[in-house]
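Note on naming: letters A, B, ... go to the chains in the order of the sequence lines (proteins, then strands), and numbering restarts at 1 for each one. For clarity, every value in this text was computed on a predicted model and none was experimentally measured. Below, all heavy atoms of this structure are taken into account, side chains as well, without hydrogens, waters or symmetry copies.
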2 protein chains.
Amino acid sequence: MSKKKITSMDVAKLAGVSQSTVSRVFGSGANVSEKKRNQILEAAELLGYQPNAIARGLITNKTNMIGIVMRNIQNPFYPEVLEKFYTRLAEKGYHLIFMNSEHNFVQEDEISHLIEYHVDGVIITDALLSSSAVQRFLKNDIAIILFNRYIENPDYSAVFCDNFYAGQEIGNYLVKTGHKHFAFISGPLETSTTIDRKKGFEQALAKHGYFDIAVEIGNYSYESGFEAAKKLLQSNKIVDSIFCGNDITALGAIDAAKSLGYNIPEDLSVIGFDDINMASWPSYSLTTWKQPIEDMVNQTIDLLLHEMDEEEKSVSSHALPGELIIRGSVRQRE
Amino acid sequence: MSKKKITSMDVAKLAGVSQSTVSRVFGSGANVSEKKRNQILEAAELLGYQPNAIARGLITNKTNMIGIVMRNIQNPFYPEVLEKFYTRLAEKGYHLIFMNSEHNFVQEDEISHLIEYHVDGVIITDALLSSSAVQRFLKNDIAIILFNRYIENPDYSAVFCDNFYAGQEIGNYLVKTGHKHFAFISGPLETSTTIDRKKGFEQALAKHGYFDIAVEIGNYSYESGFEAAKKLLQSNKIVDSIFCGNDITALGAIDAAKSLGYNIPEDLSVIGFDDINMASWPSYSLTTWKQPIEDMVNQTIDLLLHEMDEEEKSVSSHALPGELIIRGSVRQRE
DNA sequence: TTGAAAGCGTTACCAC
DNA sequence: GTGGTAACGCTTTCAA
């Protein structure tokens with residue numbers, strides 16, 4: 001019925017002022033008398049006027065929209081990340097265009113959509129950008145930031161957990177608690193997260209004289225953890241501890257071990273990564289490495305907003321430490 | 001550096017045609033000769049031209065953006081829902097503005113943002129709209145649809161699992177499998193989902209002569225399931241089976257029971273709702289009611305798109321059945 | 001402090 | 001088929 005949309009012009013007419021003045025009230029707010037402001041606000045209220053962000057974006061060249069492309073949203077770590085990004089950005093007046101990518105590299109058409117909508121910035125979680133993709137974003141003046149991944153010599157910033165350090169600490173902890181036969185269930189080998197966790201882990205163990213680490217390649221899913229652990233435990237190798245690339249994988253590994261008659265942690269220690277909610281559930285009580293989500297998200301947003309403001313880009317990589325959360329899935333030295 | 005954005009005008013100049021013709025190529029596609037089309041496409045490719053969706057939206061009055069406001073994104077059911085919505089809508093050329101609401105009623109400022117951006121439609125999962133909110137959307141010609149909730153006498157459509165039917169079937173199943181002492185751990189009592197599941201459950205049990213159902217009120221979280229089950233099992237009531245309002249709650253209940261020395265399902269049967277991935281994990285092997293996510297999402301999208309097209313709204317409520325998934329958390333009659 | 005007018009990058013409606 | 005031109009609803013000069 002009332003198909004006609006309410007515009008600033010309608011408000012102007014009703015309030016008996018010019019459209020420019022209405023615009024000032026809802027925009028800068030400056031240079032308008034208290035009296036007219038009130039008339040305008042009243043008229044706007046009466047008509048149910050809302051400024052049109054689309055029209056505004058067209059002229060200001062700023063949409064206040066941020067694209068977020070996520071992968072593995074089924075991994076409980078990411079909904080939490082998404083929620084935090086949403087909340088923080090909403091506070092600052094930004095809106096999220098959500099995209100779910102299924103590939104290690106964000107696809108060209110996904111990038112096209114983000115560019116078409118002229119988002120002010122893009123957050124990429126757990127995926128990478130081809131160099132042509134980066135060029136396309138940069139050429140369109142769209143700030144980019146990588147969350148939980150990084151690359152060498154990037155043209156853009158990245159925020160991630162210091163996976164190498166974490167891997168080391170985990171290795172040290174397992175040695176300290178008396179383990180001698182180690183295994184690692186990785187995520188996909190092309191991801192920097194996996195590579196660094198593995199490197200740190202192996203390096204720490206090597207320092208203690210352990211060079212023979214059993215490695216199984218997974219994909220960060222429960223199922224892959226389950227299968228990998230099964231394979232590991234049914235081989236003729238001795239394994240007294242498994243470091244899993246993430247928590248979901250670790251939960252799979254624990255279930256596999258239990259199904260083979262192992263007691264956790266008496267017969268086998270398992271350690272995860274992320275510290276998702278489930279890690280603290282009694283059925284699992286998973287010892288794990290806590291990624292500092294809060295800090296990571298805040299830092300990402302700070303960098304992104306800064307980059308959106310600045311004229312010249314300042315590229316920087318930020319590795320946040322995180323911390324070991326000790327629960328019940330790792331046997332303490334007897 | 002190349003701060004200047006490429007517009008259809010630039011393409012037109014390079015291709016030696018008018019801007020109108022460029023617009024036709026990227027728009028309707030009609031009324032342009034093969035020759036010019038190729039020139040234009042070539043020029044666009046060369047310049048890296050992308051049509052500006054913001055400008056387009058301004059004139060067409062259609063943004064191809066859909067707002068999705070979700071609650072409880074930490075419940076693993078919803079990331080799956082989000083992923084499916086994203087995928088289906090992306091196929092059809094729609095983009096998602098993601099919002100996370102923490103309230104049972106979507107807040108006024110959240111609605112304002114959606115209206116400012118002139119989304120074509122809005123999907124609300126697991127939350128409700130005040131009647132003033134509905135009026136605001138409708139007045140702005142924004143289609144609305146409720147996912148997994150419904151209200152009586154609505155002004156808009158809703159898609160949800162037939163919770164009453166499911167509750168009945170679950171009641172019947174527990175009776176059939178030889179249970180006699182029933183409990184229900186609910187979600188918040190103001191949600192239609194909870195009310196209907198409870199009603200169906202109680203009605204089915206009543207038909208078999210069971211009237212004394214122990215009820216604990218939870219909030220659909222793991223923790224609330226844990227606490228509620230503990231309370232239930234430590235009371236002096238006999239309980240041989242618990243129907244939990246959702247899977248997460250059921251997992252909490254199982255862990256609580258185990259921590260008290262109960263074996264599942266020998267000493268206690270537990271049944272959930274949703275059929276999230278975790279329900280099939282060996283540690284839990286949860287018997288549950290599967291919500292037909294795929295169908296629900298598809299139906300929601302069909303209704304939404306239809307409503308966006310139509311002049312007059314056609315309100316309808318769609319209850320989809322779902323099905324019982326039998327695993328190992330319910331004792332079979334001995 | 002205010003209003004008129006020029007865009008922003010499209011689509012849509014005209015003539016030709 | 002094609003190009004000129006008027007919107008779309010706003011912000012932003014620029015004069016007054």
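Using a 4.0 Å heavy-atom criterion, one finds that A:T7 contacts the sugar-phosphate atoms exclusively. Backbone-only engagement by A:T60 is indicated by non-hydrogen atom pairs under 4.0 Å involving sugar-phosphate atoms exclusively. Residue contacts shown for B:N52 are limited to sugar-phosphate atoms, with no base heavy atom under 4.0 Å away. If you check every strand for non-hydrogen atoms under 4.0 Å, A:S23 touches a base.
Put simply, CD1 on B:I115 is 16 Å from P on D:dG9, counting in whole angstrom units. Residue B:Y117 contributes atom OH, which lies 17 Å from atom P of D:dG9 at whole-angstrom precision. Put simply, OH on A:Y49 is 8 Å from C1' on D:dG9, counting in whole angstrom units. The interatomic distance linking A:Q50 (CD) with D:dC10 (C1') rounds to 15 Å, in whole Å. Atom-to-atom, CG of B:L58 to P of D:dG9 comes out at 7 Å; the value is rounded to the nearest Å. In this structure, CG of A:N31 is placed 9 Å from C1' of C:dT2, rounded to the nearest angstrom. Whole-Å rounding puts the B:N140 CG to D:dC8 P distance at 17 Å. Separating the CG atom of B:N61 from the P atom of D:dG9 is a distance of 7 Å, rounded to the nearest angstrom.
Ranked by how close their nearest DNA chain D nucleotide is to the 5' end, B:Q19 and A:S28 are led by B:Q19.
Side-chain contact, A:N104 with A:R149: a donor N or O sits under 3.5 Å from an acceptor N or O. A side-chain N or O of B:N72 and one of B:D126 form a donor-acceptor pair less than 3.5 Å apart.
Closest contact between the side chain of B:S20 and the listed nucleotides C:dG3, D:dG3, D:dC8 involves D:dG3. The side chain of A:A55 has D:dG9 as its nearest neighbour among D:dG3, C:dG7, D:dG9. Here D:dC10 is the nucleotide among D:dC10, C:dA12, C:dG3 with the atom lying nearest to any side-chain atom of A:S8.
For D:dG1, the base has no donor-acceptor partner in the side chain of B:S33 [N/O atoms by modelled type, under 3.5 angstrom]. A donor and an acceptor atom never sit less than 3.5 Å apart when one is taken from the side chain of A:S18 and the other from the base of C:dA4. Evaluation of atom-type donor-acceptor distances gives a pair under 3.5 Å for the side chain of B:R24 against the base of D:dG3.
Between A:K62 and D:dT11, a side-chain N or O to OP1/OP2 separation shorter than 4.0 Å is absent.
Atom CD1 of A:I301 is separated from atom CG of A:L305 by 7.0 Å, given to the nearest 0.5 angstrom.
The residues B:R88 and B:E294 are annotated as salt-bridged, a charged nitrogen and a carboxylate oxygen being separated by less than 4.0 angstrom.
Using a 30° and 60° split on the angle between ring planes, A:F98 and B:F98 fall in the tilted class, from 30° to 60°.
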